[in-house]
Amino acid sequence: MWGLVLKDLFSMRKYLKSLAIVVGILLIMGLCMGEAAFVAGVGGMLSAIVTIVGFSYDESCHWDAYGMTLPVTRRQYIAAKYLMALLMFGVSTLTGMGMTALVELVSGSVLWADVWGSGLGAFLVGPLAFSVLSPCICLLGVERSRLVMMAVFLLPTGLIMLWGRQGGKIPPLSPVLRQALPWLAVLALVVLFVGSYLLSCRIYEKKDL
């Protein structure tokens, strides 16, 4: 399975280099603005995009049909994609935390609540997008899933902007619920991620390649 992950990393090495340049530009923007909160969200989205690009590369070179001639099951192929996604999410989370800490250090002082919040934001955004997109890609392919991708990436932005125009007020929560909310969000995300994996496996095992 790790061989499949390495295959994706090697095939996307040029893309990953370009992505590193984009992250560097975002860091410079964060340093100039004195604000790195947006970097974590963008980093989470980029981590999801990397895994989607892996599907796209396989589709463009018809790797699916070739891969089925190897001693690799369809479930192992999907598991490798999700393992790759977890790797990218971990990298984006640590990168978001590091960039937030650096921006705040340059600005004057490091607020660890912001650092952990940036890490949590990056950790939540990427898996949420990937969990919705992966079954669609397995069913329809990358090209025919473009409308779903646009909705997944644009809908949250639109909702946040609408929420901000309405005042952006959060209903008062009890102290216990406020403390438990991040953990409940992570738990819900884990359930969604596992459910997405099982659904993707079911779709891909029945797919005619």
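Since the structure is predicted, the reported quantities are computational estimates derived from the model, not experimental observations.
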> Tracing side-chain links under 4.5 Å among I, L, V, M, F, W and Y, which residues wind up in one group with V91?
Replying inline: none
>> Membership question, hydrophobic clusters at under 4.5 Å side-chain separation (ILVMFWY): are Y197 and L140 in the same one?
In response: no
>> If I take atom CD1 from residue I137 and atom CD1 from residue I52, how far apart are they, to the nearest 0.5 angstrom?
In response: 4.5 Å
> Does the side chain of F193 come within less than 4.5 Å of L86's, by heavy atoms?
Replying inline: yes
> Residues two or more places apart in sequence or in another chain: which of them pass salt bridge (Lys or Arg N to Asp or Glu O under 4.0 Å) with E205?
Replying inline: R75
>> If I take atom CG from residue L16 and atom CG from residue L9, how far apart are they, to the nearest 0.5 angstrom?
In response: 6.5 Å
> Which atoms form the tightest heavy-atom contact between V142 and E59, and what is the distance?
Replying inline: N-OE1, 2.8 Å
>> Please determine whether side-chain contact (heavy atoms from CB on, under 4.5 Å) holds for the pair M84 and L6, giving the CA-CA distance in whole Å, both sets of side-chain angles, and the decisive distance to 0.1 Å.
In response: CA-CA 9 Å; M84 175 73 174; L6 290 175; over 6 Å; no
> Rounded to the nearest 0.5 Å, how far apart are CE of M88 and CG of L83?
Replying inline: 10.0 Å
> Between I78 and C138, does a side-chain contact (heavy atoms from CB on, under 4.5 Å) hold up when you go through it step by step?
Replying inline: CA-CA 9 Å; I78 296 298; C138 290; 3.6 Å; yes
> Once you round to the nearest 0.5 Å, how far does OG1 of T51 lie from CG of L87?
Replying inline: 11.0 Å
> Taking only residues two or more places apart in sequence or in another chain, which ones pass side-chain contact (heavy atoms from CB on, under 4.5 Å) with L4?
Replying inline: W63, V72, A80
> When hydrophobic residues are tied together by side-chain contacts of less than 4.5 Å, even through go-betweens, does L187 share a cluster with L198?
Replying inline: no
> salt bridge (Lys or Arg N to Asp or Glu O under 4.0 Å) with D8: which residues, sequence neighbours excluded?
Replying inline: K81
>> Please determine whether residues V132 and V191 belong to a single hydrophobic cluster, defined as Ile, Leu, Val, Met, Phe, Trp and Tyr linked transitively by side-chain heavy-atom distances below 4.5 Å.
In response: no
> Given the rule that I, L, V, M, F, W and Y join up when any side-chain heavy atoms are under 4.5 Å apart, are V190 and F89 in one cluster?
Replying inline: yes
>> Starting from V50, can I reach V5 by hopping between I/L/V/M/F/W/Y residues whose side chains sit under 4.5 Å apart?
In response: yes
> How would you list, by chain and number, every residue that makes a side chain to side chain donor-acceptor pair (under 3.5 Å) with Y82, sequence neighbours excluded?
Replying inline: S134, S196, S200
> Of all heavy-atom pairs between S131 and P135, which one has the smallest distance, and what is that distance?
Replying inline: O-CD, 3.2 Å
> When rounded to the nearest 0.5 angstrom, what distance separates NZ in K206 from CZ in R74?
Replying inline: 12.0 Å
> Residues two or more places apart in sequence or in another chain: which of them pass side-chain contact (heavy atoms from CB on, under 4.5 Å) with L139?
Replying inline: I203
> salt bridge (Lys or Arg N to Asp or Glu O under 4.0 Å): which pairs involve residues 88-99, sequence neighbours left out?
Replying inline: none
